[in-house]
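A note on names: the letters A, B, ... follow the listed sequences, proteins ahead of strands, and every chain is numbered from 1.
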Protein chains: 2
Amino acid sequence: MSTMNRDELSRVGLQLLTTHGLADVSMRRVAKELDVAVSALYWHVKDKQSLLGAMVDRLLADVNFTPPTGDTRHDITARAERLYDTILETRDAAELVASALALGTGGERMRDSLNAVSPNALTTDAIMALIIGHATLNQQRTQAQALGVNVSPTTTSTFRQALNLVTGASSIA
Amino acid sequence: MSTMNRDELSRVGLQLLTTHGLADVSMRRVAKELDVAVSALYWHVKDKQSLLGAMVDRLLADVNFTPPTGDTRHDITARAERLYDTILETRDAAELVASALALGTGGERMRDSLNAVSPNALTTDAIMALIIGHATLNQQRTQAQALGVNVSPTTTSTFRQALNLVTGASSIA
DNA sequence: ACCTGAACACCGTTCAAGT
DNA sequence: ACCTGAACACCGTTCAAGT
């Protein structure tokens with residue numbers, strides 16, 4: 001058999017993430033799920049951070065972006081919302097994506113997809129920061145709620161409004 | 001003697017953070033630094049997350065905000081930049097603050113200080129997201145550079161410009 | 001080429017027992 | 001009230017050895 005490869009590892013990692021959360025995504029746990037020795041993973045992957053990066057790439061690979069219409073503001077908004085929704089709907093994805101971007105181990109497609117419709121790097125940076133920041137702030141709230149803590153609900157519409165503050169600025173044509 | 005208390009723990013934790021990074025802030029490391037048994041820490045602190053929260057509170061407690069002038073845009077910008085600079089100048093602080101905010105274990109002063117000069121919760125949320133997102137994105141770059149990876153430099157001025165996109169929007173008086 | 005087993009140097013948390 | 005010692009159930013990573 002030996003169906004184990006880099007792609008299979010990220011699949012199992014992502015599955016572990018959605019069902020048990022980021023804390024349960026350990027090299028030992030992934031190995032157990034695949035019924036191999038932990039050390040076997042290191043043949044396919046440099047280290048844990050690289051596995052997390054592969055998971056982010058796989059997560060973003062599934063995102064379908066609509067083709068650019070030429071309306072810059074509309075295009076950016078559409079892609080930003082698509083990315084935001086994807087991150088929000090996957091458990092602990094905000095933290096995962098943030099760490100991959102921070103360490104440069106994954107998530108290039110996020111910046112690339114925005115740059116393709118963004119007028120400049122500055123705007124892309126602001127949009128990325130808004131996505132990561134809002135997702136991080138929001139996903140904690142989800143966790144806190146799951147733990148029974150009462151917090152004010154922040155929804156996708158809040159993100160859309162924050163997004164409008166940026167794209168609505170005069171500096172964007 | 002017994003000069004050990006919650007405040008002392010966060011002091012040592014913060015010192016460990018700046019000198020060795022977040023990965024080296026462990027309960028065992030803090031205990032060693034204080035020359036006590038690890039289990040002793042749990043008398044003063046519920047768990048590790050609570051220690052991290054205390055560290056964030058201590059970090060933000062040192063931030064001096066200028067009193068509100070009445071000029072909303074100026075006041076928000078000033079406080080946002082103050083917070084952003086504080087986070088950026090302390091090693092791994094972006095990740096630390098983000099996790100504390102996400103889990104609701106610290107950092108209330110950040111939201112409070114912005115709310116005091118912000119016209120509404122929506123704007124505060126956007127500003128917070130921008131600070132956390134930009135700091136996270138930026139601090140990784142610092143780390144990556146420290147590891148010898150070459151990345152495009154993003155400076156404080158980039159954050160200021162992104163901030164202008166939000167505060168410059170017509171929805172803020 | 002790909003995998004195992006064992007080891008190394010760590011973790012956070014709990015809890016009986018001490019003073 | 002505050003602390004120790006020992007234990008429990010974990011971590012990521014390396015590396016000789018196997019096939």
Applying salt bridge (charged side-chain N to carboxylate O under 4.0 Å, His left out), name anything that partners Arg58(A), two or more places apart in sequence or on another chain. Asp7(A)
Please state how far atom CG in Leu34(A) lies from atom P in dT4(C), giving the value in whole angstrom units. 10 Å
Sequence neighbours excluded, which residues qualify as salt bridge (charged side-chain N to carboxylate O under 4.0 Å, His left out) partners of Arg109(B)? none
Interface with DNA chain C, restricted to residues 51-58 of chain A and to heavy atoms under 4.0 Å: none
With sequence neighbours left out, write down each residue that passes salt bridge (charged side-chain N to carboxylate O under 4.0 Å, His left out) with Asp24(A), or none if nothing qualifies. Arg29(A)
For DNA chain D, report each stem as range with range, ordered by first number, or say none. Use Watson-Crick or G-U wobble pairs under 3.5 Å, at least 3 in a row. C:4-8 with D:12-16, C:12-16 with D:4-8
Counting primed atoms, P, OP1 and OP2 as sugar-phosphate and everything else as base, the B/S/- map of nucleotides 11-18 of chain C against protein heavy atoms under 4.0 Å is BBBBB---
Partners meeting side-chain contact (heavy atoms from CB on, under 4.5 Å) with Thr105(B) (sequence neighbours left out): Gln49(B), Ala100(B), Leu103(B)
Going by the rule side-chain contact (heavy atoms from CB on, under 4.5 Å), which residues pair with Arg79(B) if we only count those two or more places apart in sequence or in a different chain? Phe65(B), Pro68(B), Ser113(B), Leu114(B), Ala116(B), Val117(B)
Partner residues of Arg11(A) under the salt bridge (charged side-chain N to carboxylate O under 4.0 Å, His left out) criterion, sequence neighbours left out: Glu8(A)
Please name all residues satisfying side-chain contact (heavy atoms from CB on, under 4.5 Å) with Ala94(A), sequence neighbours left out, ordered by chain then number. Ile87(A), Ala135(A), Thr136(A), Gln139(A)
Closer than 4.0 Å, any side-chain N/O of His44(B) to the OP1 or OP2 of dA1(D)? no
What integer distance in Å separates Leu41(B):CG from dC2(D):C1'? 12 Å
Could I get the full list of side-chain hydrogen bond (donor to acceptor under 3.5 Å, both in side chains) partners for Asp57(B), not counting sequence neighbours? none
May I ask you to decide if Gly21(B)'s main-chain N or O and Asp92(B)'s side chain share a donor-acceptor pair within less than 3.5 Å? no
List for me each residue that meets side-chain hydrogen bond (donor to acceptor under 3.5 Å, both in side chains) alongside Thr66(B), sequence neighbours excluded, and say none if there are none. none
Say we look at dC10(C) and dA9(D): how far apart would their P atoms be, to the nearest angstrom? 22 Å
